[in-house]
Protein chains: 2
Amino acid sequence: MSYSDFATLPCTLSRPAALLGERWTLLLLRQIFLGTRRFEDFQATMDISRSVLTDRLNVLLQEDVLKRVPYHEDGRTRHEYRLTEKGRDLYPVLMALRTWGAKWMAPDEEEFFQLHHRDCGGDVRAKVECTECAAELTARDVQVTTRQ
Amino acid sequence: MSYSDFATLPCTLSRPAALLGERWTLLLLRQIFLGTRRFEDFQATMDISRSVLTDRLNVLLQEDVLKRVPYHEDGRTRHEYRLTEKGRDLYPVLMALRTWGAKWMAPDEEEFFQLHHRDCGGDVRAKVECTECAAELTARDVQVTTRQ
DNA sequence: AGCTACAGTTCGGATTCCGAACTCAGGAGG
DNA sequence: CCTCCTGAGTTCGGAATCCGAACTGTAGCT
């Protein structure tokens, strides 16, 4: 079993983990959620090599996380990369990373960006809950049943 | 700015994203949350090369996500890798991946493992909420304010 | 026609990864 | 004491991936 086999295991955790676990992919998604959409802007802000950027964008297009959308500027037609619904749905993953980072890897300096609930100005955090009783859960509250 | 610079940016999202975005790291954490603790078992179940496994474990030790704990077997003392509190706190990240995977990458076959709330047997899912008003949030409900 | 900007592609060298063999420590068995 | 065995790495040569820089192609503007 090689790395890429985890992308096809019948496991709803290994599949996303293999996809997003490739180098640069999480950082690329961060940049996208921050509003970057164009090849040149990804390249300039992240300083990723152009060939790897091409590859990662293509993988995310293929997985239907991103879509190429035409736009007009100076009367020209170009394309930009935007999140699909599937891609937007990755928000909790990024927020879970950020919530963890805020607790355990917080920088001394000022934060690079801040997030607030539009309606009430409150802070944003990720959590795990039970769909039945709505209790907030930690790893210890959850029973794992492995197949066989 | 190279890849590793994202690990030291004053950004609570880029730091975890750079750490967990290295190849194998998310899959390694998955295996740990499934109960694997020993070098040989990681190597056998994931089929990762031994040198890369050594490297990834060392990074997670250095970041205080894992700790080496002595154990006894056949009268011998060996060491195993266990989650620290910081490591256990990554649970929402893995659950967010799984929630996304269940919605968008679900396999046709039977799931590799299942999760249930110990107390009530309910399903487990990750979500994003506002710490003020407790509303569940999507990317569109959140205002991003970039520094400067 | 020439210049510019965006969005890639190509390619040689550097880095990382892989697989297999090797090392090392400690206990068991003789 | 000597040898075997096992877990946990380390080493190393070849393969794959990544990087940086240059190159290509397309379309509009002057």
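Only this structure's heavy atoms are used, side chains among them; waters, hydrogens and symmetry mates stay out. All chains are named by letter (A, B, ...) in the order of the sequence lines, taking the proteins before the strands, and each is independently numbered beginning at 1.
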Presence of donor-acceptor pair under 3.5 Å, side chain of R78(B) and base of dA8(D): no
Between P of dT6(D) and CD of Q43(B), the distance in whole Å: 16 Å
Among dT9(C), dA8(D), dC17(C), the one nearest F39(B) by side-chain distance: dA8(D)
Selected nucleotide, minimal atom distance to T54(A) side chain, candidates dC17(C), dC19(D), dT9(C): dT9(C)
Mutual orientation of the aromatic rings belonging to W24(B) and F6(A) [parallel < 30°, tilted 30-60°, perpendicular > 60°]: perpendicular
side-chain contact (heavy atoms from CB on, under 4.5 Å) between K67(A) and H79(A), intermediate numbers included: CA-CA 10 Å; K67(A) 57 188 170 188; H79(A) 294 270; over 6 Å; no
Value in whole Å for how far the P atom of dG19(C) lies from CE of M46(B): 13 Å
Length of the CZ-P vector between F42(B) and dG9(D), whole Å: 11 Å
Cation-aromatic face contact R38(A)/Y71(A), 6.0 Å, 45 degrees: yes
Heavy-atom pair with the smallest gap, counting every atom of P107(B) and R15(A): CB-NH2, 3.3 Å
Gap between atoms CG and P, on L53(A) and dC6(C) respectively (whole Å): 14 Å
Nearest listed nucleotide, side chain of E40(A), among dC17(C), dT9(C), dA7(C): dA7(C)
CZ/F112(A): more than 12 non-hydrogen atoms of other groups inside 6.0 Å: no
Contact under 4.0 Å: R23(B) side-chain N or O vs dC18(C) OP1/OP2: yes
D41(B) CG - dT6(D) P separation (whole Å): 14 Å
R98(A) NZ/CZ over F113(A) ring centroid, <6.0 Å and within 45° of normal: yes
Between dC19(D) (P) and D47(A) (CG): distance, integer Å: 9 Å
Polar side-chain contact R76(B)-dG27(C) base: donor and acceptor under 3.5 Å: no
Distance below 4.0 Å between Y81(A) side-chain N/O and dC6(C) OP1 or OP2: no
N or O in side chain of R68(A) less than 4.0 angstrom from dG8(C) OP1/OP2: yes
side-chain hydrogen bond (donor to acceptor under 3.5 Å, both in side chains) partner of W104(A), chosen from D64(B), T84(B), D89(B): D89(B)
DNA chain C contacts among residues 26-34 of chain A, heavy-atom distance under 4.0 Å: none
dA7(C) base / R50(A) side chain donor-acceptor hit below 3.5 Å: yes
N or O in side chain of R56(A) less than 4.0 angstrom from dT17(D) OP1/OP2: no
hydrophobic_cluster_shared for Y81(B) and V69(B), side chain cutoff 4.5 Å: no
Short side-chain N/O contact to dC18(C) OP1/OP2 from W24(B), under 4.0 Å: yes
Value in whole Å for how far the P atom of dG26(C) lies from NE2 of H72(B): 14 Å
Sugar-phosphate, base or nothing in reach of Y71(B), heavy atoms under 4.0 Å: sugar-phosphate
Spacing between I48(B) atom CD1 and dT10(D) atom C1', to the nearest angstrom: 15 Å
Pairwise 5' ranking along DNA chain C for L57(A) and T77(B), keeping only the more 5' one: L57(A)
Selected nucleotide, minimal atom distance to S51(B) side chain, candidates dG20(D), dG8(C), dG19(C): dG19(C)
